[in-house]
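Because only heavy atoms are used, hydrogens play no part in the values below, and waters and symmetry mates are left out as well, while side chains stay in. First listed ligand is number 1; within each ligand, the first listed atom is number 1.
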Amino acid sequence: MEMKLPEEGKIAEVRGGKLEVPDEPIVAVIEGDGIGREVIPVAIRVADRAVELAYGGKRGIIWWELLAGKKALKEKGELLPKETIEGIATVKLALKGPLETPVGSGHRSLNVTLRKVLDLYANVRPVQYYGAPTPFAYADKVDFIIFRENTEDVYAGIEWKAFTEEARKVLEFLEREFGIKVREDSGLSLKPISKFATQRIMRKALQWAVDKGRRVVTIMHKGNIMKFTEGAFREWCYEVAEKEFSEYVSIGEEKPGKILVNDRIADNMFQQIIIKPWAYDVIVTPNLNGDYISDAAAALVGGVGMASGLNLGDYIALAEPVHGTAPDIAGKGIANPSAAILSVALLLEYMGWIEATELIRKALRKTIESGKVTADLAKPGEKALKTEEFAEEVIKAMEGL
Ligand code: NAP
């Protein structure tokens, strides 16, 4: 089927190496599975109201629904139709809900496929405190932005199932060529980490740090054990800092007016963000570490219901909450839409619509600080708002700002 763009609105265009966003941009939307169908529509409602309040009708988003996941399977007979991928590549701006991935068998992750085919190599995940009830004493000190490499590592999905002909061939090759003996009943995964992909994510993180005035960039890796993948990641990251950002950074020691670039081993990093959150700022890391540390960091400020993300390529941005489809609460109307709302705010920030972005962030903070929260954040016995009620409160708070 041919891709058919909406009749209204305009496409964001790249001119002179920069993305130009029109006043009525077409933004692709994939609702996703599970709670995606609940949180994405309300995030759109909040975004539309913020844009209206900020620009009084001069700007407006034309949302264009594209299908993926269960809805696509039902309507188009496939999980990730070609026109969805082409549509995002064409309009360059997108919002996406979570898509289900079966564990151990079945189809590969559609999320991973989308990131790979669109070359969305940087997964940018801010973790900030919005006043949610938390047992963590230093929550208000948390202000991280995680740059997770998105296309490589064991996440690239190069793996061979135990007892298959493919696995047997790889095992045989390892023994014949390198004398490496691996148990014959093993499943195998390959962990590619390239200089190219490492350096472009580091470049993006450092550029972000320079543009937004951040203080520290920490490389998180397990290079003491996986020397030629994670160890090389560390080395190649430092190389970018030294060669391309020398006027902005100081390596290893704090210097006034300079961004400190340092590194931490992954396991240490998990305790560091808890005992000394103020010492961390921008965190750059390979794909798998980034997956783990994002949820752990989100837990410090209220959980994955609060964690937003932006997948960036050179000129394509796809915003999505960090959380998944949460099948245990899907369909009940109780999911926390904050992660989706903050993801749409990140997309607006990326588009340069700063006034609307700020309205959303301030209103969300005001709502949560006044004790209006969804069930995941409510203390035992306290009243919790449903997804839609919470979004209405955020809109009311925006109108009162
Ligand atoms: P998950 O969907 O993030 O859910 C884990 C738990 O976090 C839920 O059971 C729920 O906890 C809580 N939670 C998550 N989002 C919430 C929200 N908005 N509001 C309130 N509570 C929320 O992770 P999962 O269970 O590991 O994964 C489920 C499916 O999602 C899998 O198929 C996975 O592959 C997929 N997934 C997709 C993406 C993506 O599309 N980017 C990302 C992650 C996972 P309680 O049990 O406390 O209610």
**Message:** Could you tell me, atom by atom, which parts of ligand 1 come under 4.0 Å of a heavy atom of Glu320?
**Reply:** 41 (N)
**Message:** Taking 4.0 angstrom as the limit and counting only heavy atoms of Ile35, give me the atoms of ligand 1 inside it, by number and element.
**Reply:** 15 (N), 16 (C), 17 (C), 18 (N)
**Asked** How far is atom 2 (O) of ligand 1 from its nearest protein heavy atom, and which residue and atom is that?
**Response** Ala326 N, 2.7 Å
**Prompt:** For ligand 1, which atoms, with element, lie under 4.0 Å from some heavy atom of Val322?
**Reply:** 42 (C), 43 (C)
**Prompt:** So, are Glu392 and Lys396 salt-bridged, with charged N and O less than 4.0 Å apart?
**Reply:** no
**Carboxylate-amine/guanidinium proximity below 4.0 Å for Glu389 and Lys372** = no
**Prompt:** Is any NZ, NE, NH1 or NH2 atom of the basic residue among Lys71 and Glu75 found under 4.0 Å from an Asp or Glu carboxylate oxygen of the other?
**Reply:** no
**Message:** What protein heavy atom lies closest to atom 32 (O) of ligand 1? Include the residue and the distance to one decimal.
**Reply:** Thr101 N, 2.8 Å
**Any residue meeting side chain to side chain donor-acceptor pair (under 3.5 Å) with Asn123, in chain and number order, not counting sequence neighbours** = Arg125, Arg148, Asn311
**Request:** Could you tell me if any non-hydrogen atom of Arg115 lies under 4.0 Å from any atom of ligand 1?
**Result:** yes
**Prompt:** Under 3.5 Å, N or O to N or O, is Pro98 touching ligand 1 that way?
**Reply:** no
**Message:** Testing the basics here: between Leu120 and Gly313, what is the closest heavy-atom pair and its distance to 0.1 Å?
**Reply:** CD2-N, 3.6 Å
**Message:** Looking at Lys58 and Asp23, is any side-chain nitrogen of the basic one under 4.0 Å from a carboxylate oxygen of the acidic one?
**Reply:** no
**Asked** For atom 30 (O) of ligand 1, which of Leu110, Thr325, Val304 has the closest heavy atom?
**Response** Thr325
**Request:** Could you list the residues that satisfy ring-ring contact (aromatic ring centres under 6.0 Å, His included) with Trp208, not counting sequence neighbours?
**Result:** Phe147
**Message:** Among all the protein's heavy atoms, is there at least one whose distance to atom 27 (O) of ligand 1 comes out below 4.0 Å?
**Reply:** no
**Prompt:** Taking the minimum heavy-atom distance to atom 9 (O) of ligand 1, which of Ile329, Thr387, Asp328 ranks first?
**Reply:** Asp328
**Message:** Looking at Glu166 and Lys169, is there a salt bridge between them, counting it only when a charged N and a carboxylate O are closer than 4.0 Å?
**Reply:** no
**Pick from Pro327, Gly324, Gly305: the one approaching atom 25 (O) of ligand 1 most closely through a non-hydrogen atom** = Pro327
**Asked** Does the protein put a heavy atom less than 4.0 Å from atom 48 (O) of ligand 1?
**Response** yes
**Asked** Hey, is Asp143 close enough to Arg215 for a salt bridge, meaning N to O under 4.0 Å?
**Response** no
**Asked** Are side-chain N/O atoms of Tyr155 and Asn150 paired as donor and acceptor at under 3.5 Å?
**Response** no
**Request:** Note the single closest protein heavy atom to atom 18 (N) of ligand 1, along with its residue, its atom name and the distance in Å.
**Result:** Asn336 O, 3.0 Å
**Request:** For Ile334 and ligand 1, answer yes if some heavy atom of the residue is under 4.0 Å from a ligand atom, otherwise no.
**Result:** no
**Item:** Proximal atoms of ligand 1 relative to Ala335 (non-hydrogen, under 4.0 Å)
**Value:** 19 (N)
**Request:** Report yes or no: does Leu99 have a heavy atom closer than 4.0 Å to ligand 1?
**Result:** yes
**Prompt:** Any idea how Phe136 and Tyr138 line up, ring-wise: parallel (<30°), tilted (30 to 60°), or perpendicular (>60°)?
**Reply:** perpendicular
**Asked** With a 4.0 Å cut-off, would you call Arg49 and Glu52 a salt bridge?
**Response** yes
**Request:** Give the atoms of ligand 1, by number and element, whose distance to some non-hydrogen atom of Asn111 is under 4.0 Å.
**Result:** 37 (C), 38 (C), 39 (C), 40 (O), 41 (N)
**atom 6 (C) of ligand 1: any protein heavy atom closer than 4.0 Å** = no
**Prompt:** Under 3.5 Å between some N or O of ligand 1 and some N or O of Glu100?
**Reply:** no
